[in-house]
Amino acid sequence: MSFPSSRLDRRALLTGLVVAPAVLSFGRAQAGGAYLFPLGVASGDPAPDGFVIWTRLAADPLAPDGMGGLSAPVPVHWEVAADDQFRRIAASGQFIASADAAHSVHVEVAGLRPDRPYWYRFTAQGQQSPAGRARTTPAAGAHVDKLRLAVASCSHWERGYFSAYGHMADEAPDLTLFLGDYIYEYSLGPDRADQVVRPYNLEEATTLAGYRNRYALHRTDANLQRLHAAAPCLAVWDDHEVQDDYSGVWSKVSGVSPRDFLQRRAAAYQAFFEAMPIRRTQLSAAMQMPIYRRVRYGQLAEFFMLDGRQYRSKQPCSDGSNGGKGQIVADATCTDRLDPSRTFLGFEQERWLYDNLAQSKARWNILGQNLVMAGLRLGGADGSEPRYWTDTWDGFPAARDRLTGALATIKPQNPVVLSGDYHSFWTNDVKADSRDPGSPTLATEFVGTSITSTGPTYDGLMATMPNNPQVKFFDSRVRGYMAIDVERDRMSTRYRAISDVRDPTASISTLRSWVVEAGKPGAVQA
């Protein structure tokens, strides 16, 4: 996201891999003799009988054409084992890595036993990848005592080192959630050179090659590789996987037609699929790529991973000088914000969510999504008209009302919202009526800060908090992630803060801890 400039500034057997050393610069190596696994391995989208295992072959990861220094198809042997020494092979096969997907490997492994760890690796041209560890989910009706999550968002390469990812791996999570802005499409300009810790040295990504190389660069990071090798993940996107503040088929830049922007968005979505361990999806004729999905962990938890960018309406009041960027508006001058025909998730995804929440029998229902939901009124405490930042759920209040109305009507057990984007920690009550802080609390929202990206002004936002009692905690001064333990009777969340994004060996500490008791929406400080 961009902050205001004001003071409030995815069942077929198709594709396993472990971690290679970090490589921060590359020459024009040829495939012959070059190491083919410099981007590591990953797993994701787990199920009771399997998961996706991923790697992408590359001889020259940052080749300008985005092809990783390879062109011909490469046979890749994959194997999944029941032990870390690969003595008991549980599944194996061959995948042909081809140029049309930048030699990425996606194997949807099935036929495994539920609720246990497995190890996986790949072999190509006589070379073996590092080994990764994945885990199947429990059977749908299984009793599960505990689930550990690590939650990340917003990792801008130039803003600092990914030490937070290493600390996330040390948490030994059962599952990692990536809630958006896994890459950034732009680079900091000369006017912000003093803010660059390590440069992208890449032009802004607008083409398939450009997006591929952004992901490739991030995947050379040793800490990110270690995290992906440690546990399966669930990943969704936000805006910077495509373009800052874009909304649906609309660019943030005035004058760019939806038809032209769809070409860029399609390239970005293709690169996202190639880079992530997600189940096979593809661009439709309408250039859409569905990524919203549900994953269940026995009787304990069900995850609803949402897409808050692809299907949503145009930014409100985007016909002015700000174009499609998020902006601060008041309803008197931006009546578009309140239009009930506007949608944040898209009406099809909305129906999918409500139908599946109604069917859920899980103890905890967790919505993993990109943007702050609870809302934030800017001003208004002195009797002036409140204003709202439009590139969050605040820009789509009718859509939020439909969601909170569904929560109130369906009454799923213990709904919790996990959000990213805002480069800051928040603990929020999601109210039945966002306009009325006294209305019932329907869900708890935990918002994670960024891995590296700079946060909004602390003092400016703290000044608004007296008018926002639904916000129990806010801090934008630290970078890090959320570590969450889900148990039958409680969810415990720790806000983990790294000491310094400019230090590749930064230490970790707990900024604040929160507990949500089952049956009692709203978090309390631990």
Side-chain angles (χ1 to χ4, degrees), residues 1-5 153-156 178-188 202-208 210-212 214-215 235-273 275-276 283-284 286-292 306-329 334 336-337 339 342-349 369-373 388-396 399 419-423 450 453:
M1 75 180 295
S2 289
F3 295 108
S5 58
S153 63
C154 305
S155 52
H156 195 304
F178 293 99
L179 298 182
D181 296 345
Y182 187 96
I183 61 165
Y184 276 67
E185 84 284 14
Y186 69 86
S187 300
L188 297 175
L202 297 167
E203 295 182 353
E204 179 169 347
T206 60
T207 65
L208 182 55
Y211 288 112
R212 282 171 170 168
R214 295 269 165 167
Y215 285 104
V236 292
W237 52 46
D238 188 26
D239 55 340
H240 288 294
E241 286 87 353
V242 182
Q243 181 196 53
D244 173 46
D245 282 10
Y246 87 94
S247 192
V249 301
W250 292 276
S251 168
K252 73 171 183 178
V253 180
S254 297
V256 177
S257 71
R259 179 175 181 176
D260 289 342
F261 183 68
L262 273 173
Q263 299 295 325
R264 176 176 180 176
R265 196 185 79 166
Y269 286 4
Q270 173 70 20
F272 179 89
F273 169 74
M276 291 294 180
L283 283 165
S284 69
M287 294 189 181
Q288 293 181 344
M289 181 179 283
I291 63 164
Y292 60 87
L306 305 179
D307 178 355
R309 284 286 170 186
Q310 181 172 194
Y311 308 108
R312 74 186 199 177
S313 301
K314 194 175 183 180
Q315 294 272 20
C317 303
S318 57
D319 296 328
S321 59
N322 285 327
K325 282 187 60 58
Q327 54 189 306
I328 296 174
V329 302
C334 185
D336 189 28
R337 191 183 81 93
D339 186 343
R342 292 170 48 73
T343 177
F344 185 81
L345 299 175
F347 291 108
E348 182 176 345
Q349 185 178 188
Q369 54 98 51
N370 55 335
L371 297 171
V372 176
M373 182 180 291
Y388 303 91
W389 173 241
T390 60
D391 196 51
T392 67
W393 283 83
D394 274 338
F396 306 79
S419 309
D421 174 69
Y422 225 106
H423 310 173
S450 58
S453 303

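All residue numbers in this chain count up from 1 along the given sequence.
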Partners meeting salt bridge (Lys or Arg N to Asp or Glu O under 4.0 Å) with Asp319 (sequence neighbours left out):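 Counting only residues at least two positions away or on another chain, Asp319 forms a salt bridge (Lys or Arg N to Asp or Glu O under 4.0 Å) with Lys314.
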
Given Pro316, which partner from the list Asp391, Thr390, Asp394 fulfils the side chain to side chain contact (heavy atoms under 4.5 Å, CB included) test?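 It is Thr390; the other options fail the test.
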
Could you check whether any side-chain heavy atom of [X] comes within less than 4.5 Å of a side-chain heavy atom of [Y], counting everything from C-beta outward?
| X | Y | value |
| --- | --- | --- |
| Ile183 | Tyr215 | yes |
| Tyr388 | Cys334 | no |
| Gln315 | Asp245 | yes |
| Leu345 | Leu306 | yes |
| Ser187 | Glu204 | no |
| Tyr269 | Trp237 | yes |
| Asp421 | Asp181 | yes |
| Ser251 | Gln243 | yes |

Should we say atom CD of Glu348 is surrounded by more than 12 heavy atoms from elsewhere, each under 6.0 Å from it?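 Atom CD in Glu348 is not packed in, count stays at 12 or less.
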
Inter-residue atom distance [X].[atom1] - [Y].[atom2], 0.5 Å rounding:
| X | Y | atom1 | atom2 | result |
| --- | --- | --- | --- | --- |
| Met287 | Gln310 | CE | CD | 12.0 Å |
| Asp336 | Arg342 | CG | CZ | 5.0 Å |
| Gln369 | Asp238 | CD | CG | 9.0 Å |
| Gln327 | Trp389 | CD | CH2 | 8.0 Å |
| His156 | Glu185 | NE2 | CD | 8.0 Å |
| Gln270 | Leu283 | CD | CG | 6.0 Å |

Taking atom types as modelled, is there a side-chain donor on Ser453 or Tyr184 under 3.5 Å from an acceptor on the other?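 The answer is yes; a qualifying pair exists.
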
Can you find a side-chain donor-acceptor pair between Arg312 and Ser247 that sits under 3.5 Å?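 Short answer, yes.
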
Check Ala205 against Tyr211 and note the closest heavy-atom contact, atom names and distance.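 Taking every non-hydrogen atom into account, O-OH, 3.2 Å.
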
Give a yes or no on whether a salt bridge exists between Lys325 and Asp239, defined as a side-chain N under 4.0 angstrom from a carboxylate O.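 No, Lys325 and Asp239 are not salt-bridged.
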
Taking the six-membered ring of Tyr246 as reference, does the cationic atom of Arg265 (NZ for Lys, CZ for Arg) lie under 6.0 Å from its centre and within 45° of its axis?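 No, a cation-pi geometry is absent between Arg265 and Tyr246.
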
